[in-house]
Amino acid sequence: MTPPLTLSRDTLRASSGHVLSAEWRTPAIGIVHLGIGNFHRAHQALYTEEAMLAHGGDWGICGVTLKGDVAKRDALMAQDGLYSIVEHGPGGVRVTVARALREVLAMPFDRARLFELLADARVRIVSLSVTEKGYCRDARSGDVDLTRSEVAHDLARPGEPVSVPGILAAALKARRASGTAPFTVLSCDNLAHNGAALRQVVVSFATRLDAGLGAWIGEQVSFPSTMVDRIVPATTDADRAAALAALGVRDNVPVPCEPFRQWVVEDAFPAGRPAWDAVGAQLVDDVTPFEIAKLRMLNATHSALAYLSMLAGFETISEAVNHAPLRALIYQMMTQEIAPTLNVPSSFDLLAYRDALLERYANPALKHRCAQIAMDGSQKIPPRILATIAARLDSGRPFERLALAVAAWFVFLEGKSDRGERHEISDPLAERLVRTATGARDDRQLVDAMLQITDVFPAPLAQTQALRTALLRAVQALRGGTRRAIERYA
Ligand code: CS2
């Protein structure tokens, strides 16, 4: 049997039935997206394609891998930028082909082409999904983190940047010099106030190079905030098989996802934007209530489930919430400890939101691995969980379940599950975290030493006796077996 052909415009047309719809006109590139991971391809890229179908516009996307993933670049380019969306819903799998991606670049290899595009007036939006650590942000000051090696590199060689702030500052410097209007910078990561946070990082970086440039960016460049939501796991062979079965051609880079998607965007695009509002995105004046609710309800419980599961031996999120005590724990965490701290408009029903989240987590077809969510805890725990703990402490309310989640992270950093299975720690602070977690003589010292990591625990919180006590109690409960601790805390 001859092996199947690989997905491309031509093979797709030739293969059974699947024709790219006639009204599709290949757009020019109007968006450069930094961080061309699965999430962007199943989220913003789809909204953008649908917006162009509905209202036109040249908003084709050039995706950039900042990790130099040439294999991904070459795979996507060999497929003419096409890839399939493998949507795992309750009624089965639905495969569609996404088309907004026009070009893929791998940094640092394609630097010249990237800067050519970033200088082009037709590129009006530079968006990002680079995960929390990609922002190179100092957790204490909110400025660019000068201890990061890539930041030091970019300050020394600003013409050859590798970091997000370095790339954006260099591109905006070129636009300012040529008198080209700046692009809008659109953060699509799970950070509180992501637009403002990115602005501060970029302005503080640029100011170190040239105070005039820093001031110009602060005044002239728009950094809208967004709340992005769709559960998008890593691709598996099953997704490749589903794409092949549906398309009759082989897709080497399909993206699995859940049916649900949501996008709330602050409407601040002086250089224009696709008609995302015509295709389901909510364009609003203030994203804050949405992004905080999502971070503290969804992302926080995701992280809690991930660390507890890594210790208790559940591989995926759906397996975790199928364990009744763990589901109950997460339910109570949202109901009693998180929701009461949130300030949302009266039309936002937090309890319905909670129930919808639990339903999304239970999707058995999604196979969202806890190990994936457990990565980068040092970046995720503060905005997802510590902010809520701080609010609970302020109002003198209990936060035992949230403390259990943080304690599970501490024990997770020791490197093995209750049954002794080893796991890797992937985190920008991994070396320090592992040294701290494995070097403690006893649980009390573990908690004290972890609380001294100021990149994670800001000073007033770290010194709060009630937090220390709750964390110690939770670590001790976990020593008696994670499943037993889950039952007690549920
Ligand atoms: C997850 C998120 O990996 C993680 O840390 O919590 O990627 C989550 O799936 C998305 O934010 C959902 O929108």
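Index from 1, following the sequence. Atoms within each ligand, like the ligands themselves, are counted from 1 in listed order.
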**Asked** Excluding sequence neighbours, so at least two apart, what forms side chain to side chain contact (heavy atoms under 4.5 Å, CB included) with Pro340?
**Response** Arg392
**Request:** Name all pairs fulfilling the salt bridge (charged side-chain N to carboxylate O under 4.0 Å, His left out) condition that reach into residues 363-373, sequence neighbours left out, sorted by first residue then second.
**Result:** Glu315-Arg369
**Prompt:** For the residue pair Trp409 and Tyr307, does the interplanar ring angle fall in the parallel (under 30°), tilted (30 to 60°) or perpendicular (over 60°) class?
**Reply:** tilted
**Request:** Verify whether the ring centers belonging to His368 and Tyr361 lie closer than 6.0 Å.
**Result:** no
**Asked** With sequence neighbours left out, which residue pairs that include part of residues 327-338 fulfil the salt bridge (charged side-chain N to carboxylate O under 4.0 Å, His left out) condition?
**Response** Glu337-Arg401
**Message:** Between Glu266 and Arg199, is the salt bridge (Lys or Arg N to Asp or Glu O under 4.0 Å) condition met? List the steps.
**Reply:** CA-CA 14 Å; Glu266 183 184 338; Arg199 177 200 297 272; over 6 Å; no
Which protein N or O atoms sit under 3.5 Å from any N or O of ligand 1? Give each pair with its distance.
residue, atom, partner, partner atom, Å
ligand 1, 5 (O), Lys380, NZ, 2.8
ligand 1, 5 (O), Arg384, NH1, 3.1
ligand 1, 5 (O), Arg384, NH2, 2.9
ligand 1, 6 (O), Asn299, ND2, 3.1
ligand 1, 6 (O), His302, ND1, 2.8
ligand 1, 6 (O), Arg384, NH1, 3.2
ligand 1, 11 (O), Asn190, ND2, 3.0
ligand 1, 11 (O), Lys294, NZ, 2.6
ligand 1, 11 (O), Asn299, ND2, 3.0
ligand 1, 13 (O), Asp229, OD1, 2.6
ligand 1, 13 (O), Arg230, N, 3.0
ligand 1, 13 (O), Arg230, O, 3.3
ligand 1, 13 (O), Lys294, NZ, 3.1

